[in-house]
Amino acid sequence: MKGLYYQLNMPDGDETFVFQEKECSEAPSEYHVKLQVKACALTFINPKLVSDIKMEQEFMPVGREVSGIITEVGSKVTFFQPDDEVVGILPLDSQESGLCEVLWVHEHYLVPKPEKVSWVESAGTIRDGLCAYTALHFLAHLGSGKSVLVLDGASPIGTLAVQLSHHTGATVIATAHNEQDKQYLENLRPTVGIRQPVVARVIDMSKGNTDLAESCLEETGGLGVDIVLDAGVRLYNQDISITEHQLLPHKHDIITLLSIGSHWVTREENLQLDPPDSHLLFLKGASISFLNDEMWNLSNAQQGKYLHILKDVMEKLSTGIFRPQLDEPVPLYEAKVVMEMVQKKETRKRQVVQL
């Protein structure tokens, strides 16, 4: 079947995306279903993670968040029937691109798609919703009355984290990387209930002179923030002009604004803490958790909980609690160009290919 693949180990050291025909290396089991793909989201491929888990190969399939219709089921499939509409995330070791017209997928990687949710919305929300839910509920134990700081709140993951926090009853503070993001966050309102702003305070990091810790302490009456979800941090101070990297907060600023017994969920895989940093965290009784997008796919030990989260993400999408940051659907013939932009991190909204 023809799909889009990420070609590594090129002679000149470059990496590229190619459409090619590739046969499935393994026959589907009795627990697989045949899926007619309707939409597939494009997400960044992390070559370092692939190398760390010893999965390096010449061609890596592109597109793992898919939605579609089941056309056939294996003899031992119990969750689904033909004509069911589903959405899910293909496993890390999948040999097939999600941009194929037809896929064989194990039933334990799929959940039902709500009727009133479109193919594009479901495929474009499933991973970001999983990340937001994992960070706030599974790692940080989000609850009503807590204060939450979401860094880069207008990003695809940040948007859903802001909406989930507000729905749970938390006070939300978010940072913006530019004036457009700031206006978007300030105008964000819930679709149900009281039409009050979702974000209590938006902090514009592009000004260059904004003190993040001071702003958060002011908003919380000097008590500090209970939960922080970052989008990466700066480990060292650098005397350079404002860049995308400079929009990230310094690790010391985050430690300063944490409250007693707080949770810091970080996406910075190379976070380094000096002894004074650790001592300050100790005094506050604060904890740090690392958010890895692939943590559920690296182990099947909690497959039931993983599927429960995916179902809850779809339910929140169908009821309007989640309103994702999606770009206009991409036709298949433009998938290669758009994926190159995604890999270079040149896009802000989630990109979804409509088949």
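Predicted, not measured: the structure shown is a model, and the values here were computed from it.
- In this structure, I69 belongs to a hydrophobic cluster whose other members, linked by side-chain heavy atoms under 4.5 Å apart, are W119.
- The side chain to side chain donor-acceptor pair (under 3.5 Å) check on S155 picks up nothing, with sequence neighbours excluded.
- A search for side chain to side chain donor-acceptor pair (under 3.5 Å) contacts involving E315 returns nothing, not counting sequence neighbours.
- Aromatic pair F79/H108: centroids less than 6.0 angstrom apart.
- In this structure, D128 pairs ionically with R350, as a charged nitrogen and a carboxylate oxygen lie closer than 4.0 Å.
- Under a 4.5 Å side-chain heavy-atom criterion applied to ILVMFWY residues, the cluster that includes F44 comprises that residue alone.
- Other residues, nucleotides and ligands place no more than 12 heavy atoms under 6.0 Å from the CD atom of Q180.
- A donor-acceptor contact shorter than 3.5 Å links the side chain of S97 to the backbone of L4.
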Output a table of donor-acceptor pairs, distance under 3.5 Å, between side-chain atoms of residues 253-263 and any protein atom two or more places apart or on a different chain; print 'none' if there are none.
{"unit_1": "T256", "atom_1": "OG1", "unit_2": "H252", "atom_2": "O", "d": "2.7"}
{"unit_1": "S259", "atom_1": "OG", "unit_2": "V225", "atom_2": "O", "d": "3.2"}
{"unit_1": "S259", "atom_1": "OG", "unit_2": "D226", "atom_2": "OD1", "d": "2.9"}
{"unit_1": "S262", "atom_1": "OG", "unit_2": "S259", "atom_2": "O", "d": "2.8"}
{"unit_1": "H263", "atom_1": "ND1", "unit_2": "S287", "atom_2": "OG", "d": "2.9"}

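- Taking a 6.0 Å sphere around CG of N187, one finds it holds more than 12 heavy atoms contributed by other residues, nucleotides or ligands.
- For A161, the side-chain contact (heavy atoms from CB on, under 4.5 Å) partners two or more places apart in sequence, or in a different chain, are A132, L136, V150, L229.
- Connectivity analysis of hydrophobic side chains (ILVMFWY, heavy atoms under 4.5 Å, direct or indirect) links V120 to L326, V352.
- L283 shares a hydrophobic cluster with F282; the chain of contacts runs through ILVMFWY side chains whose heavy atoms sit under 4.5 Å apart.
- The distance between the ring centers of W296 and F138 falls below 6.0 angstrom.
- For K182, the side-chain contact (heavy atoms from CB on, under 4.5 Å) test picks out A176, E179, E186, V202, D204, with sequence neighbours left out.
- D211 places a side-chain N or O within 3.5 Å of a backbone atom of E214 that can act as its donor or acceptor partner.
- Considering every non-hydrogen atom in both L185 and G153, the closest pair reads CD2-O, 3.5 Å.
- Within the structure, the side-chain hydrogen bond (donor to acceptor under 3.5 Å, both in side chains) test picks out the following pairs touching residues 324-340 (sequence neighbours left out): D327-Q351, K336-E340.
- The side chain to side chain donor-acceptor pair (under 3.5 Å) test applied to E268 returns no partner, not counting sequence neighbours.
- Take E72 and apply the side-chain contact (heavy atoms from CB on, under 4.5 Å) test, not counting sequence neighbours, and it matches K34, W104.
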